[in-house]
Amino acid sequence: MRSPREPLFLARQSYRRRRIEDAARLLPLLGVVLFLLPLMVGGVIGSVRVAFVFSSWFFLILSAMTLARYLGRDTGQRPIGSQSKPIAPSDDPTGPL
């Protein structure tokens with residue numbers, strides 16, 4: 001008899017979290033491209049280049065802050081290996097070594 005198939009699609013929350021993590025991983029690459037763009041474009045006045053770099057920097061800061069806020073939300077799941085309270089030596093089930 002066939003075992004039940006796993007769902008094709010991920011849960012909505014885990015899917016969104018993974019896409020936000022992907023965006024956070026790509027943010028430094030976007031920063032490099034934005035900072036190198038004024039160097040690649042010729043014939044632009046220096047003050048416009050400086051304004052572009054600082055506006056890009058501000059955009060990257062806001063983007064990182066927004067992504068960190070979404071990633072920092074408690075999803076009700078604890079990371080693997082985390083415990084709700086630290087284990088005291090007297091509570092250690094393995095006993096003394």
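- Residues L67 and V33 do not share a hydrophobic cluster, defined by chaining ILVMFWY side chains whose heavy atoms lie under 4.5 Å apart.
- T66 OG1 to I61 CD1: the interatomic distance, rounded to the nearest 0.5 Å, is 11.5 Å.
- Proximity of W57 to L34: side-chain heavy atoms (C-beta onward) are nowhere separated by under 4.5 Å.
- For the pair R19 and Y15, the cation-pi criterion (under 6.0 Å, within 45° of the ring axis) is fulfilled.
- Checked against side chain to side chain contact (heavy atoms under 4.5 Å, CB included), L62 has the following partners two or more places apart in sequence or in another chain: F58, M65.
- The minimum heavy-atom distance between A24 and L71, with the atom names listed, is CB-CD1, 4.1 Å.
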Do any side-chain atoms of residues 35-53 form donor-acceptor pairs under 3.5 angstrom with protein atoms, and if so which ones, sequence neighbours left out?
residue : atom : partner : partner atom : Å
R49     : NE   : P38     : O            : 3.4
R49     : NH2  : V41     : O            : 3.0

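- In this structure, L60 and G31 approach most closely via the heavy-atom pair CD1-CA, 3.4 Å.
- Rounding to the nearest 0.5 angstrom, the gap separating the CZ atom in R16 from the CD atom in E21 is 14.5 Å.
- Residue S63 holds its OG atom at 7.5 Å from CG of L30, rounded to the nearest 0.5 Å.
- In this structure, L29 shares a hydrophobic cluster with L26, the cluster being traced through Ile, Leu, Val, Met, Phe, Trp and Tyr side chains under 4.5 angstrom apart.
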